[in-house]
There are 2 protein chains.
Amino acid sequence: MLSCPGSASKSQHQAVRDTLDVISGKWKLVILAMLLDRPYRFKELSRELGISPRVLSKELQEMEQHQLVRRTVCDTRPVTVEYASSDHGRSLLSVVQAMSDWGYLHHETIVGKKRSDDPAAKMG
Amino acid sequence: MLSCPGSASKSQHQAVRDTLDVISGKWKLVILAMLLDRPYRFKELSRELGISPRVLSKELQEMEQHQLVRRTVCDTRPVTVEYASSDHGRSLLSVVQAMSDWGYLHHETIVGKKRSDDPAAKMG
DNA sequence: CTGTATCCCGTAAGATACTG
DNA sequence: CAGTATCTTACGGGATACAG
(Lines give C-alpha, C1' and ligand atoms only; values in the text may rest on other atoms or scores of the structure.)
Protein backbone atom coordinates (compact mmCIF):
# COMPACT_ATOMS: atom_id res chain seq x y z
CA MET A 1 0.00 0.00 0.00
CA LEU A 2 2.91 2.36 -0.07
CA SER A 3 6.57 3.04 -0.73
CA CYS A 4 6.59 3.17 -4.52
CA PRO A 5 6.36 6.91 -5.12
CA GLY A 6 3.65 7.99 -7.45
CA SER A 7 2.20 4.61 -8.12
CA ALA A 8 -0.34 4.62 -5.34
CA SER A 9 -1.72 7.98 -6.35
CA LYS A 10 -3.73 6.81 -9.29
CA SER A 11 -5.96 4.49 -7.34
CA GLN A 12 -5.78 6.63 -4.26
CA HIS A 13 -7.27 9.66 -5.85
CA GLN A 14 -9.90 7.41 -7.32
CA ALA A 15 -10.77 6.18 -3.85
CA VAL A 16 -11.01 9.76 -2.67
CA ARG A 17 -13.37 10.52 -5.51
CA ASP A 18 -15.51 7.54 -4.61
CA THR A 19 -15.79 8.74 -1.05
CA LEU A 20 -16.58 12.26 -2.17
CA ASP A 21 -19.41 10.93 -4.27
CA VAL A 22 -20.98 9.31 -1.25
CA ILE A 23 -20.60 12.22 1.15
CA SER A 24 -21.20 14.98 -1.37
CA GLY A 25 -22.96 18.15 -0.39
CA LYS A 26 -22.83 20.46 2.58
CA TRP A 27 -24.87 18.34 4.90
CA LYS A 28 -24.24 14.58 4.89
CA LEU A 29 -21.11 14.59 6.98
CA VAL A 30 -22.53 17.12 9.39
CA ILE A 31 -25.63 15.02 9.82
CA LEU A 32 -23.53 11.93 10.29
CA ALA A 33 -21.38 13.67 12.86
CA MET A 34 -24.48 14.24 14.92
CA LEU A 35 -25.79 10.71 14.48
CA LEU A 36 -22.45 9.34 15.56
CA ASP A 37 -23.12 10.96 18.88
CA ARG A 38 -26.66 9.72 19.31
CA PRO A 39 -29.83 9.06 17.31
CA TYR A 40 -31.91 12.04 16.31
CA ARG A 41 -35.42 12.61 15.12
CA PHE A 42 -36.19 14.34 11.87
CA LYS A 43 -37.29 17.58 13.39
CA GLU A 44 -34.40 17.62 15.81
CA LEU A 45 -31.93 17.49 12.97
CA SER A 46 -33.86 20.08 11.05
CA ARG A 47 -33.83 22.52 13.94
CA GLU A 48 -30.36 21.80 15.20
CA LEU A 49 -28.80 22.31 11.79
CA GLY A 50 -31.16 24.90 10.40
CA ILE A 51 -31.85 22.79 7.37
CA SER A 52 -35.15 22.79 5.51
CA PRO A 53 -37.26 19.62 5.54
CA ARG A 54 -37.01 19.21 1.80
CA VAL A 55 -33.24 19.17 1.84
CA LEU A 56 -32.93 17.14 5.00
CA SER A 57 -35.27 14.51 3.63
CA LYS A 58 -33.25 14.21 0.47
CA GLU A 59 -29.95 13.98 2.31
CA LEU A 60 -31.24 11.31 4.66
CA GLN A 61 -32.61 9.28 1.80
CA GLU A 62 -29.32 9.35 0.00
CA MET A 63 -27.54 8.37 3.18
CA GLU A 64 -29.95 5.49 3.61
CA GLN A 65 -29.23 4.38 0.06
CA HIS A 66 -25.56 4.32 0.86
CA GLN A 67 -26.35 2.47 4.07
CA LEU A 68 -24.87 5.13 6.29
CA VAL A 69 -27.96 5.56 8.43
CA ARG A 70 -30.88 3.52 9.63
CA ARG A 71 -34.40 4.86 9.73
CA THR A 72 -36.72 3.66 12.45
CA VAL A 73 -40.38 4.50 12.73
CA CYS A 74 -41.40 4.75 16.35
CA ASP A 75 -44.89 3.68 17.28
CA THR A 76 -45.67 6.83 19.19
CA ARG A 77 -48.51 9.25 18.80
CA PRO A 78 -48.03 11.18 16.72
CA VAL A 79 -45.58 8.97 14.90
CA THR A 80 -41.94 9.94 15.21
CA VAL A 81 -39.00 8.73 13.20
CA GLU A 82 -35.55 8.13 14.51
CA TYR A 83 -32.40 8.22 12.47
CA ALA A 84 -29.30 6.48 13.68
CA SER A 85 -25.88 5.74 12.27
CA SER A 86 -25.39 2.27 10.87
CA ASP A 87 -22.22 0.25 11.30
CA HIS A 88 -21.13 1.34 7.89
CA GLY A 89 -21.83 4.92 8.87
CA ARG A 90 -19.68 4.45 11.93
CA SER A 91 -16.87 3.35 9.70
CA LEU A 92 -16.78 6.97 8.57
CA LEU A 93 -15.89 8.02 12.08
CA SER A 94 -12.24 8.40 11.20
CA VAL A 95 -13.17 10.77 8.39
CA VAL A 96 -15.51 12.79 10.55
CA GLN A 97 -12.97 12.85 13.33
CA ALA A 98 -10.19 13.95 11.03
CA MET A 99 -12.34 16.68 9.56
CA SER A 100 -13.52 17.90 12.90
CA ASP A 101 -9.97 17.99 14.23
CA TRP A 102 -8.80 19.79 11.16
CA GLY A 103 -11.63 22.29 11.46
CA TYR A 104 -10.26 23.40 14.80
CA LEU A 105 -6.69 23.36 13.58
CA HIS A 106 -7.54 25.44 10.54
CA HIS A 107 -9.20 27.97 12.77
CA GLU A 108 -6.13 28.15 14.96
CA THR A 109 -3.77 28.32 12.03
CA ILE A 110 -5.66 31.08 10.28
CA VAL A 111 -6.32 33.10 13.40
CA GLY A 112 -2.76 32.58 14.55
CA LYS A 113 -1.34 33.67 11.21
CA LYS A 114 -3.63 36.70 11.16
CA ARG A 115 -2.45 37.74 14.60
CA SER A 116 1.23 37.66 13.86
CA ASP A 117 0.70 39.19 10.42
CA ASP A 118 -1.72 41.88 11.36
CA PRO A 119 0.00 45.13 12.35
CA ALA A 120 -3.14 46.05 14.25
CA ALA A 121 -2.46 43.08 16.48
CA LYS A 122 0.35 45.14 17.92
CA MET A 123 -2.51 46.99 19.51
CA GLY A 124 -2.46 50.71 19.86
CA MET B 1 -12.27 16.97 24.12
CA LEU B 2 -14.55 14.10 25.03
CA SER B 3 -16.50 12.10 27.58
CA CYS B 4 -19.49 14.36 28.18
CA PRO B 5 -22.07 12.84 25.87
CA GLY B 6 -23.78 15.22 23.56
CA SER B 7 -21.98 18.32 24.63
CA ALA B 8 -19.10 18.05 22.23
CA SER B 9 -21.41 17.69 19.25
CA LYS B 10 -22.39 21.30 18.93
CA SER B 11 -18.90 22.59 18.32
CA GLN B 12 -17.87 19.40 16.59
CA HIS B 13 -20.40 19.63 13.83
CA GLN B 14 -19.44 23.26 13.47
CA ALA B 15 -15.83 22.23 12.98
CA VAL B 16 -16.92 19.74 10.35
CA ARG B 17 -18.83 22.48 8.58
CA ASP B 18 -15.80 24.72 8.65
CA THR B 19 -13.69 22.02 7.07
CA LEU B 20 -16.34 21.30 4.48
CA ASP B 21 -16.34 24.96 3.52
CA VAL B 22 -12.65 24.82 2.81
CA ILE B 23 -12.60 21.56 0.88
CA SER B 24 -15.94 21.96 -0.86
CA GLY B 25 -16.51 20.70 -4.37
CA LYS B 26 -15.55 17.59 -6.26
CA TRP B 27 -11.98 18.50 -6.87
CA LYS B 28 -10.03 20.12 -4.05
CA LEU B 29 -9.37 17.00 -2.04
CA VAL B 30 -8.54 15.00 -5.13
CA ILE B 31 -6.08 17.66 -6.25
CA LEU B 32 -4.59 17.78 -2.81
CA ALA B 33 -4.25 14.01 -2.72
CA MET B 34 -2.08 14.28 -5.81
CA LEU B 35 -0.03 17.17 -4.50
CA LEU B 36 0.59 15.27 -1.30
CA ASP B 37 2.43 12.77 -3.42
CA ARG B 38 4.51 15.24 -5.39
CA PRO B 39 4.26 18.66 -7.02
CA TYR B 40 2.41 18.91 -10.30
CA ARG B 41 2.20 21.42 -13.09
CA PHE B 42 -1.06 22.94 -14.20
CA LYS B 43 -1.39 20.91 -17.34
CA GLU B 44 -0.40 17.71 -15.59
CA LEU B 45 -3.25 18.10 -13.14
CA SER B 46 -5.62 19.03 -15.90
CA ARG B 47 -4.79 15.94 -17.90
CA GLU B 48 -4.45 13.51 -15.04
CA LEU B 49 -7.82 14.45 -13.58
CA GLY B 50 -9.65 15.31 -16.76
CA ILE B 51 -10.58 18.69 -15.42
CA SER B 52 -11.04 21.76 -17.59
CA PRO B 53 -8.63 24.66 -17.20
CA ARG B 54 -11.35 27.03 -16.09
CA VAL B 55 -12.39 24.83 -13.20
CA LEU B 56 -8.89 23.77 -12.27
CA SER B 57 -7.77 27.37 -12.12
CA LYS B 58 -10.61 28.29 -9.85
CA GLU B 59 -10.01 25.36 -7.53
CA LEU B 60 -6.32 26.09 -7.24
CA GLN B 61 -6.95 29.72 -6.51
CA GLU B 62 -9.32 28.87 -3.73
CA MET B 63 -6.85 26.40 -2.34
CA GLU B 64 -4.18 29.06 -2.44
CA GLN B 65 -6.45 31.43 -0.58
CA HIS B 66 -6.87 28.84 2.10
CA GLN B 67 -3.14 28.28 2.07
CA LEU B 68 -3.40 24.64 1.16
CA VAL B 69 -1.09 24.89 -1.84
CA ARG B 70 1.85 26.94 -2.95
CA ARG B 71 2.17 28.21 -6.51
CA THR B 72 5.64 28.53 -7.99
CA VAL B 73 6.43 30.06 -11.33
CA CYS B 74 9.36 28.29 -12.91
CA ASP B 75 11.71 30.34 -15.02
CA THR B 76 11.60 27.96 -17.94
CA ARG B 77 10.76 28.62 -21.53
CA PRO B 78 7.92 28.61 -22.04
CA VAL B 79 7.04 29.45 -18.47
CA THR B 80 5.67 26.60 -16.39
CA VAL B 81 3.97 26.73 -13.03
CA GLU B 82 4.32 24.24 -10.28
CA TYR B 83 1.78 23.59 -7.58
CA ALA B 84 2.81 21.96 -4.35
CA SER B 85 1.14 21.22 -1.06
CA SER B 86 1.91 23.62 1.75
CA ASP B 87 2.47 22.56 5.34
CA HIS B 88 -1.08 23.47 6.07
CA GLY B 89 -2.17 21.40 3.13
CA ARG B 90 -0.17 18.49 4.48
CA SER B 91 -2.10 18.81 7.73
CA LEU B 92 -5.07 17.56 5.71
CA LEU B 93 -3.24 14.30 5.10
CA SER B 94 -5.20 12.52 7.81
CA VAL B 95 -8.44 13.57 6.13
CA VAL B 96 -7.27 12.51 2.70
CA GLN B 97 -5.93 9.27 4.11
CA ALA B 98 -9.15 8.53 5.94
CA MET B 99 -11.21 9.24 2.87
CA SER B 100 -9.00 7.21 0.61
CA ASP B 101 -9.11 4.28 3.03
CA TRP B 102 -12.84 4.56 3.34
CA GLY B 103 -13.21 4.68 -0.40
CA TYR B 104 -11.70 1.23 -0.64
CA LEU B 105 -13.66 -0.04 2.35
CA HIS B 106 -16.92 1.24 0.95
CA HIS B 107 -16.22 -0.57 -2.27
CA GLU B 108 -15.52 -3.79 -0.37
CA THR B 109 -18.53 -3.39 1.88
CA ILE B 110 -20.92 -2.77 -0.97
CA VAL B 111 -19.50 -5.47 -3.17
CA GLY B 112 -19.25 -7.84 -0.21
CA LYS B 113 -22.84 -7.24 0.82
CA LYS B 114 -23.96 -7.79 -2.72
CA ARG B 115 -22.09 -11.09 -2.82
CA SER B 116 -23.56 -12.53 0.37
CA ASP B 117 -27.00 -11.24 -0.56
CA ASP B 118 -26.88 -12.53 -4.05
CA PRO B 119 -28.23 -16.08 -4.29
CA ALA B 120 -26.00 -16.57 -7.30
CA ALA B 121 -23.03 -16.13 -4.99
CA LYS B 122 -23.86 -19.51 -3.52
CA MET B 123 -22.66 -20.78 -6.82
CA GLY B 124 -22.54 -24.40 -7.70
C1' DC C 1 2.12 26.29 -21.24
C1' DT C 2 -0.81 28.93 -18.06
C1' DG C 3 -4.41 30.76 -17.53
C1' DT C 4 -9.00 33.93 -18.55
C1' DA C 5 -13.49 35.00 -20.93
C1' DT C 6 -17.88 33.32 -22.52
C1' DC C 7 -21.51 30.49 -22.84
C1' DC C 8 -24.46 26.99 -20.97
C1' DC C 9 -26.72 23.64 -18.13
C1' DG C 10 -27.90 20.74 -14.29
C1' DT C 11 -28.52 20.58 -9.77
C1' DA C 12 -27.81 21.71 -4.88
C1' DA C 13 -30.30 23.89 -1.74
C1' DG C 14 -33.41 27.49 0.36
C1' DA C 15 -38.52 29.16 1.29
C1' DT C 16 -43.02 28.02 1.83
C1' DA C 17 -47.26 25.62 1.80
C1' DC C 18 -49.46 21.54 2.13
C1' DT C 19 -50.64 16.29 3.16
C1' DG C 20 -50.86 12.08 6.06
C1' DC D 1 -44.33 15.27 13.71
C1' DA D 2 -42.64 13.49 9.22
C1' DG D 3 -42.27 14.31 4.80
C1' DT D 4 -43.66 15.91 -0.12
C1' DA D 5 -44.80 19.37 -3.79
C1' DT D 6 -43.78 23.49 -6.01
C1' DC D 7 -41.21 27.35 -7.10
C1' DT D 8 -36.90 29.85 -7.44
C1' DT D 9 -32.25 31.08 -7.29
C1' DA D 10 -27.29 30.57 -7.04
C1' DC D 11 -23.59 28.26 -8.12
C1' DG D 12 -20.72 24.34 -9.47
C1' DG D 13 -18.78 22.71 -13.18
C1' DG D 14 -18.13 21.36 -18.26
C1' DA D 15 -16.78 22.96 -23.31
C1' DT D 16 -14.50 25.93 -26.06
C1' DA D 17 -12.03 29.77 -27.75
C1' DC D 18 -8.88 33.02 -26.88
C1' DA D 19 -4.77 35.81 -24.59
C1' DG D 20 -0.21 36.44 -22.51
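Remember, predicted model here, so these are calculated numbers, not experimental data. Each chain gets a letter, A, B and so on, in the order its sequence line appears, and its residues count up from 1.
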A.B. asks: Could you check whether Glu44(B) gets within reach of a base, just the sugar-phosphate, or nothing at all, counting any heavy atom under 4.0 Å?
C.D. replies: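 Glu44(B): no heavy atom of the nucleic acid under 4.0 Å.
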
A.B. asks: Report the distance from atom CD of Glu59(A) to atom C1' of dT4(D), rounded to the nearest whole Å.
C.D. replies: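 Answer to the nearest Å: 16 Å.
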
A.B. asks: Is a salt bridge present between Lys28(A) and Glu59(A), judged by a nitrogen-to-oxygen distance below 4.0 Å?
C.D. replies: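 Glu59(A) and Lys28(A): salt-bridged.
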
A.B. asks: From dA15(D), dT4(C), dT2(C), pick the nucleotide closest to the side chain of Gln61(B)?
C.D. replies: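 Selected nucleotide: dT4(C).
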
A.B. asks: Out of the candidates Val69(B), Val96(B), Leu32(B), Leu93(B), only one should pair with Ser85(B) under the side chain to side chain contact (heavy atoms under 4.5 Å, CB included) rule; please name it.
C.D. replies: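 When Val69(B), Val96(B), Leu32(B), Leu93(B) are each tested with Ser85(B), the side chain to side chain contact (heavy atoms under 4.5 Å, CB included) holds only for Leu32(B).
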
A.B. asks: Rounded to the nearest angstrom, tell me the gap between atom NZ in Lys28(B) and atom C1' in dG13(D).
C.D. replies: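 That distance rounds to 11 Å.
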
A.B. asks: Assign Glu82(A) to base, sugar-phosphate, or nothing according to its heavy-atom contacts below 4.0 angstrom with the strands shown.
C.D. replies: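 Since no nucleic acid heavy atom lies under 4.0 Å of Glu82(A), the category is nothing.
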
A.B. asks: Please determine whether a side-chain nitrogen or oxygen atom of Lys58(A) lies at a distance below 4.0 Å from atom OP1 or OP2 of dA12(C).
C.D. replies: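 Affirmative; the distance criterion is met.
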
A.B. asks: Rounded to whole angstroms, how far apart are CH2 on Trp27(A) and C1' on dT11(C)?
C.D. replies: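 In whole Å, dT11(C) C1' and Trp27(A) CH2 are 17 Å from each other.
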
A.B. asks: If we only count heavy atoms from C-beta on, is the His13(B) to Leu29(A) side-chain gap below 4.5 Å?
C.D. replies: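 Contact flag for His13(B)/Leu29(A) side chains = no.
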
A.B. asks: Given the side-chain rings of His88(A) and His106(B), with only the six-membered ring counted for Trp, is the space between their centroids under 6.0 Å?
C.D. replies: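 Yes, the ring of His88(A) comes within the 6.0 Å limit of the ring of His106(B), centre to centre.
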
A.B. asks: Which nucleotide sits closest to the side chain of Ile51(A): dT2(C), dC1(D), dG14(C)?
C.D. replies: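 The answer is dG14(C).
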
A.B. asks: Salt bridge or not for Arg38(A) and Glu44(A), using N-O below 4.0 Å?
C.D. replies: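 A salt bridge is present here (some side-chain N lies under 4.0 Å from a carboxylate O).
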
A.B. asks: What is the distance, rounded to the nearest whole Å, between atom CG of Leu29(A) and atom C1' of dA12(C)?
C.D. replies: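 Whole-Å distance recorded here is 16 Å.
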
A.B. asks: Grab the CG-C1' distance between Leu56(B) and dA15(D) for me, whole Å please.
C.D. replies: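 It works out to 15 Å between those atoms.
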
A.B. asks: Report which part of the nucleic acid Arg47(B) touches: base, sugar-phosphate, or nothing (heavy-atom distance under 4.0 Å, all strands).
C.D. replies: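 Result for Arg47(B) = nothing.
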
A.B. asks: Quick check against the 3.5 Å criterion: does Thr19(B) have a side-chain atom that pairs as donor or acceptor with the backbone of Ala15(B)?
C.D. replies: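 Such a contact is found between Thr19(B) side chain and Ala15(B) backbone.
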
A.B. asks: Specify the separation, in whole Å, of atom CG of Leu20(B) and atom P of dC11(D).
C.D. replies: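 Atom CG in Leu20(B) sits about 18 Å away from atom P in dC11(D).
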
A.B. asks: In terms of side-chain heavy atoms of Thr80(B), which of dG14(D), dT2(C), dG14(C) is nearest?
C.D. replies: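 Of the options given, the side chain of Thr80(B) lies nearest dT2(C).
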
A.B. asks: Which part of the nucleic acid, if any, lies within contact of Arg77(A), taking any heavy atom under 4.0 Å across all strands shown: a base, the sugar-phosphate backbone alone, or nothing?
C.D. replies: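 The answer is nothing, as Arg77(A) stays clear of every strand by at least 4.0 Å.
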
A.B. asks: Atom CG of Asp21(B) and atom P of dA13(C): how far apart are they, to the nearest Å?
C.D. replies: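 These atoms are roughly 12 Å apart.
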
A.B. asks: Using only side-chain N and O atoms of Arg41(B), determine if any of them is under 4.0 Å from OP1 or OP2 of dC1(C).
C.D. replies: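 Arg41(B) to dC1(C) OP1/OP2: no side-chain N or O under 4.0 Å.
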
A.B. asks: For Arg54(A), answer base if it contacts any base atom (sugar-phosphate contacts may also be present), sugar-phosphate if it contacts only those atoms, and nothing otherwise; contact means non-hydrogen atoms under 4.0 Å.
C.D. replies: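 The answer is base, as Arg54(A) lies within the cut-off (heavy atoms under 4.0 Å) of a base atom.
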
A.B. asks: With nearest nucleotides of DNA chain C determined for Lys26(A) and Tyr83(B) from heavy-atom distances, which residue corresponds to the more 5′ nucleotide?
C.D. replies: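 Closer to the 5' end of DNA chain C: Tyr83(B).
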
A.B. asks: For dT4(D), does OP1 or OP2 lie under 4.0 Å from any side-chain N or O of Ser57(A)?
C.D. replies: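 For dT4(D), OP1 or OP2 has a side-chain N or O of Ser57(A) closer than 4.0 Å.
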
A.B. asks: Indicate whether OP1 or OP2 belonging to dA2(D) is found under 4.0 Å from a side-chain N or O atom of Lys43(A).
C.D. replies: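 Looking at the OP1 and OP2 atoms of dA2(D), neither is under 4.0 Å from any side-chain N or O of Lys43(A).
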
A.B. asks: Send over the distance from Arg71(A) CZ to dA2(D) P, rounded to a whole Å.
C.D. replies: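 Distance, rounded to whole Å: 10 Å.
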
